[in-house]
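Single-structure report; data block below.
Order of the sequence lines sets the chain letters (A, B, ...), proteins ahead of strands, with each chain counted from 1.
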There are 2 protein chains.
Amino acid sequence: MTTSGRKPDEGERYKAILETAARLICERGYEGTSMQEIAAACRMTKAGLYHHIQNKEQLLFAIMNYGMDLFEEQVLSHVQDIADPVDRLRACMRHNILLVTRGWSKEVIIILHEHATLTGEARAFIDNRKKRYVDFLEEAFSQAAQQGRIRPVDPTIGAFSFLGMVLWVYKWFKPDGRLSDEQIADGMVDLLFPPIVAAAVDGQPGVSSLRVVPRAASGSGSGTEEP
Amino acid sequence: MTTSGRKPDEGERYKAILETAARLICERGYEGTSMQEIAAACRMTKAGLYHHIQNKEQLLFAIMNYGMDLFEEQVLSHVQDIADPVDRLRACMRHNILLVTRGWSKEVIIILHEHATLTGEARAFIDNRKKRYVDFLEEAFSQAAQQGRIRPVDPTIGAFSFLGMVLWVYKWFKPDGRLSDEQIADGMVDLLFPPIVAAAVDGQPGVSSLRVVPRAASGSGSGTEEP
DNA sequence: TCCACGACCTACCGACCGGTAGGTAGCACG
DNA sequence: CGTGCTACCTACCGGTCGGTAGGTCGTGGA
């Protein structure tokens, strides 16, 4: 099984189909989008579309793999070599939030929303690609906790808390809301990975932590939408 | 518009239909579930089902309102009168996580997953009920920050971080995983609302905070699934 | 000049979709 | 006994679903 399930490098046209289909599926959902509509949006007939793809499920699979490629290129590749685990997590959170908020790559949103739509091998393949990200986060949390850079936390709980904060954003973020995506990224990074000012509480340095508290932030009122 | 959009108190049968439909829609998605299937699961014909409901969309609307009722009864009502804002948030997080992990009330999961399926008035009505929860959380974060019980944080960012951590759980939690729902709840509460040990850093008491760091936790390996 | 091939098309398939018209069996009430 | 009502039923509607058979047409290489 290759990355896309179809022979790679068929050209720009194929990619354009994936992007067009992703736009529609992102808006209306997988089951709610007909092949007719996708074909029309590609300025083709349905039979013409089927010349390029095998069936609807394989199309979704290809879209998701494309989305994972984009994620790895725009998030993982920029942060995986950062030596400090906390800085690595901070940068990763920031990149990931911006990936979700900036509307390029509806494919990523589809991965998030249609988490249970695929079945069988295709489902397992995508789940496996996702799992590599979870492992990456768990490893970083584990290192950070071991070095006393963050509060001790089960790495799995840390990873999924991270992911929840970051990925839930797709459900409520509105580009014209009160908070910009930059503000959200900064705020969440500061909330989960606050700067540390001093260490050592009971003579065992590097494990306990006093966190700096800048005199700022607060405020009230929402500005954005539903949970 | 009443809570359900249908005349209230039609009896147990209606509730049973909502619960059965919710089970199917939760498994297969709203668009992926046919009225035929729902009717069959209720041991009825499709026409028989339509004797009780107006149409498919109104059925979803009723399910979501039922889910919001359950949420308010099982979460909000237990925590809204807790005086201390941080304790209120802690208890709320705990109750909400357990609401998601224990499989009673698929209706709640549907509210989470089908966040963009309804349109028009029904959508606005549900969004408004959700917003009341966001407001509740923002208020608590605002109070907690003002009292110096947590790091200063924009209340909206706090609320949606809370919600992301808690609600994302429905996408990955498996009852037979390494972590129990109790452990997840405890871990997330401790991560976002750590106990405070001392205050005062620069002579301005009640704003800064030193967090206690128990010598425990950590560990590695995942045990659960995809992000 | 010929022809193989990719990129589409028209026309169609059977299944199923959400929804309804109209009938009926059972029960409560007078 | 008759009437009215609820709770279903059978049978059907027009439309759309995912998918395909088979044809057309432009293009590039021999």
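Taking side-chain N and O atoms only, B/Thr45 has no distance below 4.0 Å to OP1 or OP2 of D/dC8. Taking only side-chain nitrogens and oxygens, B/His51 comes nearer than 4.0 Å to OP1 or OP2 of D/dA7. The side chain of A/His52 places no N or O atom within less than 4.0 Å of a non-bridging phosphate oxygen (OP1 or OP2) of C/dG6. Contact annotation: B/Arg43 side-chain N/O to D/dC8 OP1/OP2 distance is not under 4.0 Å.
Between the CD atom of A/Gln58 and the C1' atom of D/dG18 there is a distance of 14 Å, given to the nearest Å. Rounded to whole Å, the distance from CZ on A/Arg28 to P on D/dC17 is 10 Å. Note: OH (B/Tyr14) to C1' (D/dA7) measures 16 Å, nearest angstrom. Spacing between atom CG of A/Leu49 and atom P of C/dT10 amounts to 14 Å, rounded to whole angstrom units.
Every pair passing side chain to side chain donor-acceptor pair (under 3.5 Å) that includes a residue from residues 15-32 of chain A is listed here, sequence neighbours excluded: A/Glu19-A/Tyr66.
Look at A/Asp135 and A/Lys131 and you find a salt bridge, because one of the NZ, NE, NH1 or NH2 atoms lies within 4.0 Å of a carboxylate O, short of that distance. With respect to A/Arg94 and A/Asp186, a salt bridge is recorded, a charged nitrogen being found less than 4.0 Å from a carboxylate O.
At least one donor-acceptor pair under 3.5 Å links the side chain of A/Arg90 to the backbone N or O of A/Phe193.
Note that the CD atom of A/Gln80 and the SG atom of A/Cys92 stand 10.0 Å from one another [nearest 0.5 Å].
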Assign a letter to each nucleotide of nucleotides 15-25 of chain C from its 5' end: B, base within under 4.0 Å of a protein heavy atom; S, sugar-phosphate only; -, no contact.
--SBBBB----

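Side-chain contact annotation: A/Glu72 with A/Ser77, donor-acceptor N/O pair under 3.5 Å absent.
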